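Values below: every heavy atom of this structure, side chains too, minus hydrogens, waters and symmetry copies. Only a predicted model underlies this, so the values are computations on that prediction, with no experimental measurement involved. Quick note on labels: first sequence line is chain A, next is B, and so on, each numbered from 1.
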Amino acid sequence: MARVVVDVMPKPEILDPQGKAVAGALPRLGFTGVTEVRQGKRFELEVDDSVDDATLAKIAESFLANPVIEDWSVRRVEP
Amino acid sequence: MRIGVITFPGTLDDVDAARAVRFAGAEAVSLWHADEDLHGVDAVVVPGGFSYGDYLRCGAIARFAPVMTSVAEAARGGMPVLGICNGFQILCEAGLLPGALVRNAKLHFVCRDQWLRVENTSSAWSARYEPNAEILVPLKSGEGGYLADKSTLDELEAEGRVVFRYVGENPNGSARDIAGICSQNGRVVGLMPHPEHAIDPLTGPTDDGLGMFYSALDSLVAV
């Protein structure tokens, strides 16, 4: 068994209105100095030993992320 | 002529889409998301709503529904398919149309009557309109911003595949004011605004949307 984290982020060139709204709210809360916020998604998958890296990449590429607008990365956090 | 209207869990506009099909003079056939069988329909409408609660991304889970496997296969064979709003998102997720729909640029859910220009009058769902006709139909979406990379957008423009473009202020940040596009063969069309809500002046702003359904019938007769 292993825990796998898949991070999905809007591509840098894609406008991220949610991140912008968060960034816009920070100064109103008294937090200054944050110049940009990008908002994405984090998935945590518990997988058994039969799931190899190629399969994980396929899950991320074909389902968890939409490669037209999002970048993804997969990492195993527990061996 | 029999036109199928798909219902997913969370679909909202299947009833109005079926009504539009009947208004145009065709038989509306209900298609269920879990049923691969298209029941011999001649065309399919993928209606709007919030299929599977918009979980993950709009349309991301619906595209794997059994009925969509059959729709994708039929579309590749030339069957006319119209995706409206969430249906457009589903067709993009399924790869039947290029690009993606993202959160409106100003984050607000937009609900208003929207002018569109019909720029392609050769697709299966737009042939009834005069070139550059301006039509008024409702737009109601929170994730209606159309995006694709520059080369895809250039290709769509060069091939005349921008079927509908927003007139006036861009309501949602869509690239190049794009409201709807079609596949290379013109048989699959997706748009964010709702023609099925504009088929009868009693219940909508106009009957401008009816032309899409007439167009599909024309294209079927032509075959």
Side-chain angles (χ1 to χ4, degrees), chain A residues 3-29 31 34-47 50-77, chain B residues 51-65 68-69 72 86 88-110 141-156 170-178 181 190 192:
Chain A
R3 172 166 296 177
V4 171
V5 171
V6 181
D7 287 314
V8 175
M9 292 298 293
K11 287 186 186 241
E13 67 272 23
I14 301 273
L15 176 73
D16 172 21
Q18 294 182 102
K20 269 204 157 61
V22 173
L26 286 171
R28 296 202 293 275
L29 295 169
F31 299 106
V34 179
T35 54
E36 195 188 353
V37 176
R38 306 281 293 170
Q39 181 177 324
K41 295 177 195 147
R42 171 188 165 114
F43 299 88
E44 295 183 356
L45 285 61
E46 301 292 333
V47 301
S50 70
V51 182
D52 60 16
D53 288 351
T55 305
L56 289 170
K58 212 169 158 187
I59 290 171
E61 170 91 17
S62 66
F63 187 45
L64 298 182
N66 179 346
V68 176
I69 47 171
E70 294 168 326
D71 292 326
W72 53 270
S73 66
V74 173
R75 62 183 195 276
R76 292 175 183 265
V77 293
Chain B
S51 57
Y52 300 91
D54 276 354
Y55 292 169
L56 186 57
R57 291 179 307 280
C58 306
I61 298 179
R63 69 166 279 214
F64 293 106
M68 284 308 297
T69 311
N86 189 220
F88 184 18
Q89 295 164 337
I90 294 168
L91 295 182
C92 286
E93 283 282 343
L96 290 172
L97 292 172
L101 282 309
V102 299
R103 189 69 60 118
N104 291 350
K106 288 177 184 162
L107 288 172
H108 294 287
F109 190 97
V110 172
S141 45
E143 303 194 33
Y146 180 76
L147 287 187
D149 59 38
K150 188 182 173 300
S151 64
T152 303
L153 292 170
D154 289 343
E155 192 181 309
L156 287 171
N170 185 326
N172 49 27
S174 275
R176 303 186 191 181
D177 301 332
I178 290 174
I181 57 169
M192 285 313 293

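- Residue pairs meeting the salt bridge (Lys or Arg N to Asp or Glu O under 4.0 Å) criterion with at least one member in residues 95-109 of chain B, sequence neighbours excluded: B:R103-B:E143, B:K106-B:E169.
- Residue A:K41 touches chain B through its side chain alone, counting heavy-atom pairs closer than 4.5 Å.
- The nearest pair of heavy atoms linking A:I69 to B:A100 is CG2-CB, 3.8 Å.
- Taking NZ from A:K11 and CG from B:D149, the interatomic distance works out to 8.0 Å, rounded to the nearest 0.5 Å.
- The two residues B:R57 and A:L64 come nearest to each other via the heavy atoms NH1-O, 2.9 Å.
- For A:S62, there are no side chain to side chain donor-acceptor pair (under 3.5 Å) partners at least two apart in sequence or on another chain.
- Around CZ of B:F109, the count of heavy atoms belonging to other residues, nucleotides or ligands within 6.0 Å exceeds 12.
- Contact annotation for residues 14-21 of chain A against chain B (heavy-atom separation below 4.5 Å, listed by residue number): A:I14, A:L15, A:P17, A:Q18, A:A21.
- Qualifying side chain to side chain donor-acceptor pair (under 3.5 Å) partners for B:N104, counting only residues two or more places apart in sequence or in other chains: none.
- The contact between A:F43 and chain B is made entirely by side chain atoms (from C-beta outward), counting heavy-atom distances below 4.5 Å.
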